[in-house]
Amino acid sequence: MTDKPSPPPSSVSVGPVSAPGKSFLIGEYAVLEGHEAVVTAVDVRAHAHTPRDQHGERPDPGSPFVAAAVELVSGWLRGHGHEVPAPASIPVVTTVGFTAGARKLGLGSSAAVTAAVVGWYLRAAGLDPDTPYVRQVAYSIAREAHAIAQEGRGSGADVASAVYGGTIRFARDGGVQPIELPSWLAIGFFDAGAPASTTSLVKAVETGADRDPATYEAAIAELASASRRFQSALEERPATGFGLIQEACATHNQGLRQLQDIAKASILTERIETILGAAQWAELAAKPAGAGGGDLVVVFARDPALLDRVAVELYHRHDIALVRKLETDAAGLRAEPRPPVNSRIRGLFKRSIPERRAAVAVATGLEPARFADADSGALEQDTAEHMIENVIGCLSLPIGVATNFRLNGRDYLVPMCVEEASVVAAASNAAKMIRAGGGFAGVSDPPWMIAQVQLVRVGPRAVEDVVRAVEADKQALLDIADDSHPRLVARGGGARGVEVRTLDEDTIVVHMLIDCRDAMGANLLNTVAEAIAPRLDQISGWRSVLRILSNLADRRASHVSCRVPVSTLTTKEIDGAIVAKRIEEASRFAELDPYRATTHNKGIMNGIDAVVIATGNDWRAMEASAHAFAVSHGRYGPLAIWRAVEDAEGQTVALEGEISVPTAVGVVGGATRTHPTARLALDILGRPSGGELGLIMAAAGLASNLAALRALATEGIQRGHMSLHARAVALAAGARGAEVESIAQRLIDVGEIKPERAEALLGQLRTGEG
Ligand SMILES: CC(C)(COP(=O)([O-])OP(=O)([O-])OC[C@H]1O[C@@H](n2cnc3c(N)ncnc32)[C@H](O)[C@@H]1OP(=O)([O-])[O-])[C@@H](O)C(=O)NCCC(=O)NCCSC(=O)C[C@@](C)(O)CC(=O)[O-]
Ligand SMILES: NC(=O)C1=CN([C@@H]2O[C@H](COP(=O)(O)OP(=O)(O)OC[C@H]3O[C@@H](n4cnc5c(N)ncnc54)[C@H](O)[C@@H]3O)[C@@H](O)[C@H]2O)C=CC1
């Protein structure tokens with residue numbers, strides 16, 4: 001780390017710079033006493049970038065971290081003969097990924113902000129933040145700035161992680177050493193449900209240490225030994241290494257319990273204990289990631305599939321979610337080609353199509369030329385000819401983008417393909433309200449699909465006997481399934497389980513659970529079903545009949561929730577608290593009545609199907625799955641429900657909504673890559689994984705539902721929906737070009753949005769009578 005800086009270039013360019021968040025893997029508290037901690041950078045990033053006018057982005061010079069970073073880095077640049085950007089050009093820092101909804105997760109946002117701002121100024125002076133020397137400079141400036149802003153508290157490990165990235169061994173006075181995590185180690189983070197205050201926990205522990213220094217020292221010794229054991233585990237082969245990690249976590253938690261006793265503060269909360277218990281039951285290792293009291297729990301496994309199992313168990317039994325896509329070992333401070341997507345584009349609908357394309361290009365960083373893939377002729381006949389049979393042409397449908405979506409701390413402009421007016425407007429409208437409450441939070445089940453093989457009786461062998469024979473043969477069936485898809489296994493997917501169901505005394509069905517990663521999986525699963533059938537015939541003595549996937553993808557649901565502050569629900573006439581109550585009543589109507597639930601779900605599918613179609617996915621599969629899921633409690637019910645939330649005084653303060661819906665969708669396979677517009681849609685979404693795409697669809701469904709219910713529970717659906725539908729009525733009546741808006745407006749004005757009225761008005765307009 002001793003390279004000399006390259007001389008600054010003559011022209012100063014200010015590109016974005018990002019820095020990652022962090023999580024402690026081990027060594028918390030002990031690090032404050034000079035022992036080593038292991039900290040990994042997580043791929044949730046603070047981005048410092050020039051404000052973009054179209055999004056109304058504004059810097060926050062009042063933040064103590066920004067202010068301290070600007071002051072120190074400017075001083076360093078001046079002192080080293082570099083040009084300093086003008087005081088007015090402070091960057092914006094985007095940190096939305098550090099929260100779940102409006103709640104912080106303890107991922108070290110302040111250190112990442114400080115590092116990103118320092119990096120941005122260094123980059124502005126022509127220094128590349130990816131080089132060792134500049135990183136070293138950035139680290140010393142950011143560490144000092146962070147300490148000033150934090151008034152000297154903290155270990156500094158978060159700043160080191162934000163600058164250097166990867167996984168580091170950190171000691172307060174012993175420098176920063178990169179270490180490598182072994183490839184056999186899978187790491188997941190669970191949401192401990194409440195924000196923790198590290199500062200107040202550390203204070204409570206200090207007070208406890210004064211009261212009982214002997215216990216404190218014993219606890220620190222435990223925590224330090226846990227850290228050493230963890231570090232030695234990383235050098236070992238999987239079996240020994242994982243055993244050491246389990247011991248390290250158990251010792252660490254023991255140390256935390258001792259600290260908890262002396263501090264008289266809740267470090268291992270009830271929810272944290274639940275997660276630790278579930279991990280222990282599954283023979284995994286777990287500990288709080290950080291000081292405890294809330295935030296996150298880190299779980300270690302030797303196999304990602306075991307992590308998925310614990311995730312499913314915790315989510316379905318305790319409503320505890322694996323925090324999405326939190327990748328470890330993330331890159332440190334780095335220059336970015338473009339700022340992160342911002343989906344807040346006020347009044348996008350008031351612009352022309354070319355202006356909208358330009359705005360979406362700015363927001364997503366895509367080349368403006370890419371939008372030719374959304375032209376109606378983008379699907380060439382040659383390609384269409386190979387997609388289906390007996391092709392005679394193509395049916396074009398409009399594709400729009402819904403604005404305002406923020407999900408799990410990331411912004412998305414959501415492509416929606418639909419023939420119905422007001423769907424895109426409604427989704428954008430509701431996403432804007434949901435954004436005011438921190439956005440959507442979601443978790444997806446692992447991408448497990450079910451392949452079914454039906455077996456029917458041949459001969460006298462009893463059904464119970466056949467079931468036993470199949471159950472005894474599970475391992476061989478799993479192996480055959482994996483052998484039929486070696487590439488899927490190489491990607492981390494593959495067979496996860498075998499289930500046997502007796503349908504009647506002459507029929508059983510064998511379910512193979514397959515993790516199909518980023519594919520919808522239909523063809524993958526059908527191959528598995530056909531591959532295992534001969535083995536089933538052989539061991540059962542019965543005969544296999546159908547071998548096909550099940551479209552009831554109930555193991556592969558997306559669960560999305562949101563919390564909307566009542567103030568954003570207020571309409572011209574009705575207070576938001578009343579609107580929240582009415583939306584809850586509307587939800588209860590759907591919960592009680594299948595006739596209403598069907599319409600409620602139609603409104604949800606407005607959003608979901610539009611994204612399914614835009615991204616080239618199979619909407620028949622999505623529809624079949626959603627409605628079968630909706631009836632899983634024995635009666636057809638709503639996919640999303642809403643409740644008004646009251647504070648301690650009984651005042652309605654928010655509206656909470658949640659949706660669970662199977663999302664058997666892919667980002668590979670099917671038409672997702674063959675259709676140019678579907679490819680563009682996936683690019684606009686930032687090339688999500690299959691699970692992430694499922695969450696986006698569920699969020700679009702939840703937003704569509706909220707918009708419709710809010711309209712229905714207040715002014716009625718007709719004003720908003722019909723005023724947008726008026727354009728379609730005008731078009732159907734024969735209006736063209738400027739006539740369309742003119743006739744639509746007249747229809748709205750006369751309050752009669754009907755085809756015959758449109759025809760009459762068009763006639764008048766053309767003869768000059770109107
Ligand atoms: C139609 C709105 C949005 C008007 O709503 P509004 O209050 O007049 O809108 P606004 O002018 O105050 O704008 C608010 C935001 O809405 C969006 N917005 C506003 N106008 C547009 C537009 N033209 N194009 C695109 N986006 C639009 C846009 O995001 C805008 O904010 P911005 O981001 O610009 O700062 C509202 O009345 C609404 O949400 N209505 C619900 C409509 C709906 O649900 N349609 C679905 C079809 S009906 C159906 O199929 C299902 C149903 C109803 O049967 C389901 C059920 O029964 O549950
Ligand atoms: N009942 C149903 O729903 C049925 C649906 N279908 C159709 O099947 C198609 C979907 O089947 P799929 O098997 O998804 O597509 P597919 O047959 O195109 O297969 C996906 C391919 O992508 C590869 N792949 C590359 N990267 C991957 C990754 N990250 N994760 C997973 N796989 C990856 C896999 O090796 C696999 O061969 C859709 O077109 C659907 O309409 C077909 C039969 C029945």
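We count ligands from 1, going down the list as the structure has it; atoms in each ligand are counted the same way. Position 1 is the first residue of the sequence; numbering continues from there.
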### Query
Does the protein put a heavy atom under 4.0 Å from atom 11 (O) of ligand 1?
no
### Query
Could any protein non-hydrogen atom be found less than 4.0 Å from atom 34 (O) of ligand 1?
yes
### Summary
Checking heavy atoms under 4.0 Å, the part of Val424 that sits near ligand 1 is neither
### Query
Does a side-chain N-to-carboxylate-O contact under 4.0 Å join Lys602 and Glu623?
no
### Task
Report yes if the side chains of Met722 and His725 come closer than 4.5 Å at any heavy-atom pair, otherwise no.
yes
### Task
Verify, without hydrogens or angle tests, whether Glu656 (side chain) and Arg563 (backbone) share a donor-acceptor contact under 3.5 angstrom.
no
### Query
Does Asn404 have a heavy atom less than 4.0 Å from any atom of ligand 1?
yes
### Message
Below a 4.0 angstrom heavy-atom separation, can you tell me which part of Asn429, side chain or backbone, both or neither, approaches ligand 1?
### Response
both
### Closest protein heavy atom to atom 24 (N) of ligand 1, given as residue, atom name and distance to 0.1 Å
Phe349 CB, 3.1 Å
### Query
Below 4.0 Å from any atom of ligand 1, is there a heavy atom belonging to Lys350?
no
### Query
Purely on distance, is any nitrogen or oxygen of His600 under 3.5 Å from one on ligand 1?
no
### Message
I want to know if ligand 1 touches Lys432 in the polar sense, i.e. an N/O pair below 3.5 angstrom.
### Response
yes
### Query
Does the distance from a Lys or Arg side-chain N to an Asp or Glu carboxylate O, for Asp515 and Arg496, drop under 4.0 Å?
yes
### Query
Under 4.0 Å between a Lys/Arg side-chain N and an Asp/Glu carboxylate O for Asp683 and Arg687?
yes
### Query
For ligand 1, which atoms, with element, lie under 4.0 Å from some heavy atom of Ser422?
42 (C), 43 (C), 45 (N), 46 (C), 47 (C)
When the side chains of residues 380-390 are checked against the rest of the protein, which donor-acceptor pairs come out under 3.5 Å, sequence neighbours left out?
residue	atom	partner	partner atom	Å
His386	ND1	Asp382	O	2.8

### Task
Assess the side chains of Ser376 and Ser396: does a donor N or O sit below 3.5 Å from an acceptor N or O?
no
#### Entry: Backbone N/O of Ala630 and side chain of Arg635: donor-acceptor pair under 3.5 Å
no
### Query
Counting both backbone and side chain atoms, is some N or O of Ser704 under 3.5 Å from an N or O of ligand 1?
no
### Task
Would you give the length of the straight line joining atom OG of Ser742 to atom CG of Leu747, rounded to the nearest 0.5 angstrom?
9.5 Å
### Query
So which of Arg435, Lys602, Arg719 gets nearest to atom 6 (P) of ligand 1, if we judge by its closest heavy atom?
Arg719
### Task
Determine, for Glu692 against Arg410, whether the closest basic-nitrogen to carboxylate-oxygen distance falls under 4.0 angstrom.
yes
Could you go through ligand 2 and list every pair where one of its N or O atoms sits under 3.5 Å from a protein N or O, giving the atom names and the distance to one decimal?
residue	atom	partner	partner atom	Å
ligand 2	1 (N)	Asn551	OD1	2.8
ligand 2	3 (O)	Asn551	OD1	3.3
ligand 2	3 (O)	Asn551	ND2	2.9
ligand 2	8 (O)	Asn523	ND2	3.3
ligand 2	11 (O)	Ala522	N	3.3
ligand 2	11 (O)	Asn523	N	3.3
ligand 2	11 (O)	Asn523	ND2	3.4
ligand 2	13 (O)	Ala522	N	3.4
ligand 2	13 (O)	Asn523	N	3.0
ligand 2	13 (O)	Leu524	N	3.1
ligand 2	14 (O)	Met520	N	3.1
ligand 2	14 (O)	Gly521	N	2.6
ligand 2	17 (O)	Asn523	ND2	2.8
ligand 2	18 (O)	Gly670	N	3.3
ligand 2	24 (N)	Arg491	NH1	3.4
ligand 2	26 (N)	Arg491	NE	3.2
ligand 2	29 (N)	Asp518	OD2	3.1
ligand 2	30 (N)	Asp518	N	3.0
ligand 2	35 (O)	Arg491	NH1	3.2
ligand 2	41 (O)	Asp618	OD2	2.6

### Task
Below 4.0 angstrom from a heavy atom of Gly347, which ligand 1 atoms are there? Numbered from 1 as shown, please.
32 (P), 34 (O)
### Those atoms of ligand 1 less than 4.0 Å from some heavy atom in His721
47 (C)
### Query
In terms of side-chain geometry, is the basic nitrogen of Arg406 or Asp411 positioned less than 4.0 Å from the acidic oxygen of its partner?
yes
### Query
Can you list the atoms of ligand 1 that are under 4.0 Å from a heavy atom of Ser428?
29 (O)
### Message
Heavy-atom contact check, 4.0 Å cutoff: does Arg344 meet ligand 1?
### Response
yes
### Message
Determine whether a donor-acceptor pair (N or O, by modelled atom type, separation under 3.5 Å) exists between the side chain of Thr672 and the backbone of Gly669.
### Response
yes
### Message
If I apply the N/O under 3.5 Å rule, does Arg346 come out as touching ligand 1?
### Response
no
### N or O contact, Arg596 vs ligand 1, cut-off under 3.5 Å
yes
### Task
Nearest 0.5 Å please: distance from the CD1 atom of Ile717 over to the CG atom of Leu712.
4.5 Å
### Message
Walk me through whether Gln745 and Asp749 qualify under side chain to side chain donor-acceptor pair (under 3.5 Å).
### Response
CA-CA 6 Å; Gln745 195 50 54; Asp749 293 344; 3.1 Å; yes
### Message
Taking the basic N atoms (NZ, or NE/NH1/NH2) and the acidic carboxylate oxygens, is any pair closer than 4.0 Å for Glu585 and Lys581?
### Response
no
